[in-house]
Student: 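Dropping a structure here in structure tokens format, bear with me for questions.
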Amino acid sequence: MEISFFDKVFLLAKQIPYGKVCTYGHIAKAIGAPRAARMVGWAINKSFSHPEYIPAHRVVNRIGMLSGKNHFPNQNTMQELLESEGIIVENDQIIDFEKHLWIPYLFIDTHS
DNA sequence: CTCGTGACTCCCC
DNA sequence: AGGGGAGCCACGA
């Protein structure tokens, strides 16, 4: 039984450490679908209705912008969550983004 | 079943 | 160097 793309995104997102962030692209690459970054965002969006806690606020686009902030209950929720973890956000942009970036290890691709 | 739609990214003019 | 288009794939209508 293979893990769905969907669940892979969740599994990976859950591994993002406190105070760190990751990008859609890196996640996509790590789960073996390097061009499917859009779907990662979509999956993360769905994570709100997922039973387990998914730190959706720790996933941003490649330049460190909070492209998903509008999908949170309030416009400030994402930023507040990040700042509560020690990440400074200014104009929807993470300051010292690369310093907070967490790059996931590659998943084993069971498809091969 | 087909079509449209994404919280994106890369490549090619 | 910057803008536009194509690729990606799951899911709902």
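Numbered from 1 within each chain, the chains take letters A, B, ... in sequence-line order.
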Student: Only counting residues at least two apart or in another chain, list the ones meeting side-chain contact (heavy atoms from CB on, under 4.5 Å) with E52(A).
Tutor: K14(A), H50(A)

Student: Using the test ring pair (Phe, Tyr, Trp, His ring centres under 6.0 Å), find all partners of F6(A) that sit at least two apart in sequence or belong to another chain.
Tutor: F10(A)

Student: Of all nucleotides in DNA chain B that come within under 4.0 Å of a heavy atom of chain A, which is furthest toward the 5' end and which toward the 3' end?
Tutor: dG6(B) to dC10(B)

Student: With sequence neighbours left out, what residues match K69(A) under salt bridge (charged side-chain N to carboxylate O under 4.0 Å, His left out)?
Tutor: D92(A)

Student: Counting distance only, does the side-chain N/O of N61(A) pair as donor-acceptor with the main-chain N or O of I63(A) below 3.5 Å?
Tutor: yes

Student: Would you please name every residue forming a salt bridge (charged side-chain N to carboxylate O under 4.0 Å, His left out) with E83(A), sequence neighbours left out?
Tutor: none

Student: For residues 32-43 of chain A, please give each side-chain donor-acceptor pair under 3.5 Å, one per line with the distance, not counting sequence neighbours.
Tutor:
none

Student: With S4(A), which residues qualify under side-chain hydrogen bond (donor to acceptor under 3.5 Å, both in side chains), at least two apart?
Tutor: D7(A)

Student: With a 4.0 Å cut-off on heavy atoms, is A56(A) in touch with a base, just the backbone sugar-phosphate, or nothing at all?
Tutor: base

Student: I need a per-nucleotide contact map over nucleotides 6-11 of chain C, read 5' to 3'. Cutoff is protein heavy atoms under 4.0 Å; write B for the base, S for backbone only, - otherwise.
Tutor: -BBBBS

Student: Would you list the protein and nucleotides 2-5 of chain C atom pairs, both N or O, that sit under 3.5 Å from each other?
Tutor:
none

Student: Under the side-chain hydrogen bond (donor to acceptor under 3.5 Å, both in side chains) test, which residues partner N91(A), sequence neighbours left out?
Tutor: none

Student: Go through the structure and list residues passing ring pair (Phe, Tyr, Trp, His ring centres under 6.0 Å) with F72(A), not counting sequence neighbours.
Tutor: F48(A)

Student: If you look at every strand shown and take non-hydrogen atoms under 4.0 Å, does N45(A) touch a base, only sugar-phosphate, or nothing?
Tutor: base

Student: Does I88(A) have any side-chain contact (heavy atoms from CB on, under 4.5 Å) partners at least two apart in sequence or in another chain, and if so, which?
Tutor: I95(A)

